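Here is the structure we will look at.
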There are 2 protein chains.
Amino acid sequence: MGRLTIKDVARAAGVHPATASRALNPLLPGRISAGTTERVARAAAELGYVADPVGRSLRTQRSGTVGVLVPDLLNPFYPPVLRGVQEVLRGHGFEALIASTDNDPGRAGALLDVFRGRRCEGYVIASASRRDDAVGRLIAEGVPVVLVNRLTEAAAPSVTSDDARGIGQAVRHLAELGHTRIGHLAGPSGISVTRAREAAWRAGLRAAGLTPERSWVVRAGQYTASAGERACGTLLDRGEVTAILAGNDMIAVGCYAAFAARGLSCPEDVSLVGINNMPLAEWLRPSLTTVAIDQEELGARAARLLLARLADPAARVGDVALPTELVVRRSTGPVRP
Amino acid sequence: MGRLTIKDVARAAGVHPATASRALNPLLPGRISAGTTERVARAAAELGYVADPVGRSLRTQRSGTVGVLVPDLLNPFYPPVLRGVQEVLRGHGFEALIASTDNDPGRAGALLDVFRGRRCEGYVIASASRRDDAVGRLIAEGVPVVLVNRLTEAAAPSVTSDDARGIGQAVRHLAELGHTRIGHLAGPSGISVTRAREAAWRAGLRAAGLTPERSWVVRAGQYTASAGERACGTLLDRGEVTAILAGNDMIAVGCYAAFAARGLSCPEDVSLVGINNMPLAEWLRPSLTTVAIDQEELGARAARLLLARLADPAARVGDVALPTELVVRRSTGPVRP
DNA sequence: ATGAAAGCGCTAACAC
DNA sequence: GTGTTAGCGCTTTCAT
């Protein structure tokens, strides 16, 4: 059929292509008469013209594309985040290129190179370790970057969850159930949320009049179920705690397996709290009490921050911390007498 | 820093830009001398040149972009599929634009329009209903499309799982455990896998010398846990079956909840088999016996089929059916005496 | 085998 | 307010 170009629209409206272009991009300088604008718009609509993004990109040096990097697409936490990002971006004419580092920090560089080759105008990065070379370089170059749930040493706006609040609620909830020895399965070190969550756990215990013991913390090497199962096993075998705050829901998923392997039942023998409220959390047996984060909103806010920086690269856009809220389900119960 | 163009490479190598371009694209007609090719390649490597995809696209009328449509990003089945698709595409210089219809067939059209605006060269579609207008139109226009786990009335190559094999194994497994009344929670009608799975269930029962009863099938409105829970409840309340083949793992997840709500324990009171072996299947309690499908391979094969059609639009590429295999875990056990 | 020149679709800069 | 011109980066004729 031969694709429509702006020349076709211009011809149909009886104007020059440049005029047609201006008429269709109202924000540009050099205003166009109402009549012309009208005629061009009608012609475009009738013909079903949509501007070729490639031609436009070449001229404007923009791609209408944003790179999104997540650490693990298989972790149910991220799909809702992606949905939020895409929804907002699409509403503003941007499309997201998505990649997962699969929990391998080394892959970030290569993936970012692919994105840069495609002229992504900005990046939403949910995979940055606290010290990440590839991401740091990006930020240093002044490319618009928004971090999700991660902080780096480099300065880039970020959207995080205010874990402290929800974790405080979680610990209080456990304390009110009579638990005095509440363990924590921390995520991998080198990630900012890991530290924040551990700190919040510590603070929560203190606020409840309890003293966090070093032996109540075990570090899971990754935010995965299998790492969680191992770490939980280690913690259980020390035989000290009656309740566990997992570093996230995937780690909590691993805990269920560790419980079962030791013949412990939840919540009768051990109480368990996760973090994230991932899509399947309510479907686990027992359903998981967890610190809920609005994942879609997390992504949506990140996208909006990025759009603000895209519109004005000099804009100082601040960080956002979304509130978290404890969702009590069936994995927590009174301490055993 | 000012981005590198092919002119920079040409200058560094002491040749004309056109020559440099040819040297870097070895497959083109008009071969270039080995020496020149070498010099240009070295210059490009030293400068770190990567061709601008936008300029290239404008000239070649290609975008290096493929649209991928899935019905539900939140369903753990699809992320591995996407990973397989992306991996293969990236290896061939293509990037995937991903969108989810969120189980709303009506959204497919709008999303495909976004993709078309971006000049996607081909599509991997995992969301087609058996009768899907938007997708049908695409195929009719001769745009390269590969379907994943779906068949439409229109003719497009597809990659599916050979559910019959694994489902046959599943039914035999249950029969060998002594089950004679094996129910099925079918997915939404209007989707090809739904029919295929129901047919395979029926055939499996017959092969085991059993007669499938109409009352043993309940249809879940969607492939989701909550739809599964409702459907499972209906089936259980009829009080006929001792084992259940769920339409997929998400429906099976809902079954766990339905069991718990009725005080039934699995596998002592009811045996349960899922389909897909999604990432969390082994972490459910009890771990889910399920018909495994290599999801990543599903995506990878789809991508390869698409690449074949992209390379030669006239190529008749056939359908692919990947084998499935029963994975026996702890959700199935002997029938109660 | 290589250089010259043209042009993909669009819009910014410059006329008028 | 609108037409003219030029050029984004690349590849592909067409010469030589």
Side-chain angles (χ1 to χ4, degrees), chain A residues 1-44 47-65 93 116-121, chain B residues 1-41 43-44 47-65 93-94 116-121:
Chain A
M1 53 171 230
R3 175 171 181 74
L4 286 169
T5 75
I6 193 149
K7 287 186 187 174
D8 300 313
V9 177
R11 184 163 25 224
V15 297
H16 191 274
T19 306
S21 172
R22 284 180 283 233
L24 294 173
N25 281 38
L27 21 141
L28 297 182
R31 284 152 320 203
I32 298 290
S33 74
T36 304
T37 305
E38 168 64 19
R39 283 210 322 287
V40 171
R42 195 202 315 280
L47 296 172
Y49 168 80
V50 268
D52 185 331
V54 178
R56 171 177 291 166
S57 291
L58 186 59
R59 179 68 233 219
T60 60
Q61 297 293 35
R62 312 196 320 100
S63 64
T65 267
R116 304 222 283 177
R118 296 213 160 251
R119 296 283 184 289
C120 286
E121 294 180 46
Chain B
M1 53 172 234
R3 173 170 181 76
L4 286 168
T5 75
I6 195 154
K7 286 186 187 172
D8 300 313
V9 177
R11 184 164 23 227
V15 297
H16 191 274
T19 307
S21 171
R22 284 182 280 236
L24 294 173
N25 282 38
L27 22 138
L28 298 181
R31 283 150 322 204
I32 296 293
S33 75
T36 304
T37 304
E38 167 65 19
R39 283 211 321 287
V40 172
L47 295 173
Y49 168 80
V50 270
D52 185 329
V54 178
R56 171 176 292 167
S57 292
L58 187 58
R59 179 68 228 219
T60 59
Q61 295 294 36
R62 312 195 320 99
S63 65
T65 267
F94 283 83
R116 304 222 283 179
R118 297 215 159 248
R119 296 286 183 288
C120 286
E121 296 180 44

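Below, chains carry the letters A, B, ... as their sequence lines are ordered, and counting in each starts from 1. Since the structure is predicted, the reported quantities are computational estimates derived from the model, not experimental observations.
Across its full length, the helix from C/dA1-D/dT16 to C/dC16-D/dG1 shows an angle of 40° between the axes of its 5 terminal pairs at either end, rounded to 10 degrees.
In plain terms, the two heavy atoms of B/Ala43 and B/Ala12 that are nearest each other are CB-CB, 4.0 Å.
A search for side-chain hydrogen bond (donor to acceptor under 3.5 Å, both in side chains) contacts involving A/Gln61 returns nothing, not counting sequence neighbours. Not counting sequence neighbours, the partners of A/Arg56 by the side-chain contact (heavy atoms from CB on, under 4.5 Å) test are A/Asn25, A/Ala51, A/Thr60. Applying the side-chain contact (heavy atoms from CB on, under 4.5 Å) rule to A/Arg116 yields the partners A/Asp113, A/Tyr123, A/Leu138, A/Glu141; only residues at least two apart in sequence or on another chain are considered. Residues satisfying the side-chain hydrogen bond (donor to acceptor under 3.5 Å, both in side chains) criterion with A/Thr36, sequence neighbours excluded, are A/Ser33. B/Arg118 meets the side-chain contact (heavy atoms from CB on, under 4.5 Å) test with A/Thr65, A/Glu95, B/Leu97; sequence neighbours excluded. For A/Leu58, the side-chain contact (heavy atoms from CB on, under 4.5 Å) partners are B/Val54, B/Leu58, not counting sequence neighbours.
Rounding to whole angstrom units, CG of residue B/Asn25 and P of D/dG9 are separated by 18 Å. Here C/dT11 presents its C1' atom at 12 Å from CZ of A/Arg62, a figure rounded to the nearest Å. Between the CD1 atom of A/Ile6 and the C1' atom of D/dT2 there is a distance of 14 Å, rounded to whole Å. The distance between atom CZ of B/Arg11 and atom P of D/dC10, rounded to the nearest whole Å, is 12 Å. As a whole-Å value, the separation of B/His16 NE2 from D/dG9 P is 16 Å.
Distance check: A/Arg22 CZ to A/Ile6 CD1 gives 10.0 Å after rounding to the nearest 0.5 Å. Expressed to the nearest 0.5 Å, how far CG of B/Asp52 lies from CZ of B/Arg59 amounts to 15.0 Å. To the nearest 0.5 Å, atoms OH (B/Tyr49) and NZ (B/Lys7) are separated by 11.5 Å. Distance CD/A/Glu38 to CZ/A/Arg42: 4.5 Å, rounded to 0.5 Å. Going from atom NE2 of B/His16 over to atom CZ of B/Arg11 covers 12.0 Å, rounded to the nearest 0.5 Å.
A heavy atom closer than 4.0 Å to some atom of DNA chain C occurs in no member of residues 33-40 of chain A. Near-neighbour residues of DNA chain C inside residues 47-58 of chain A, defined by a heavy atom below 4.0 Å, number-ordered: A/Tyr49, A/Ala51, A/Asp52, A/Gly55, A/Arg56, A/Leu58.
The side chain of A/Gln61 places no N or O atom within less than 4.0 Å of a non-bridging phosphate oxygen (OP1 or OP2) of C/dA12. Residue A/Thr19 has no polar side-chain atom (N or O) positioned under 4.0 Å from OP1 or OP2 of D/dT2.
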Can you tabulate the close N/O pairs, meaning under 3.5 Å, that link protein atoms to atoms of nucleotides 13-16 of chain C?
residue : atom : partner : partner atom : Å
C/dA13  : N6   : A/Arg22 : NH1          : 3.1

Exercise. Under the side-chain contact (heavy atoms from CB on, under 4.5 Å) criterion, do A/Val40 and A/Val9 qualify, and how do the steps go?
Worked result: CA-CA 7 Å; A/Val40 171; A/Val9 177; 4.1 Å; yes
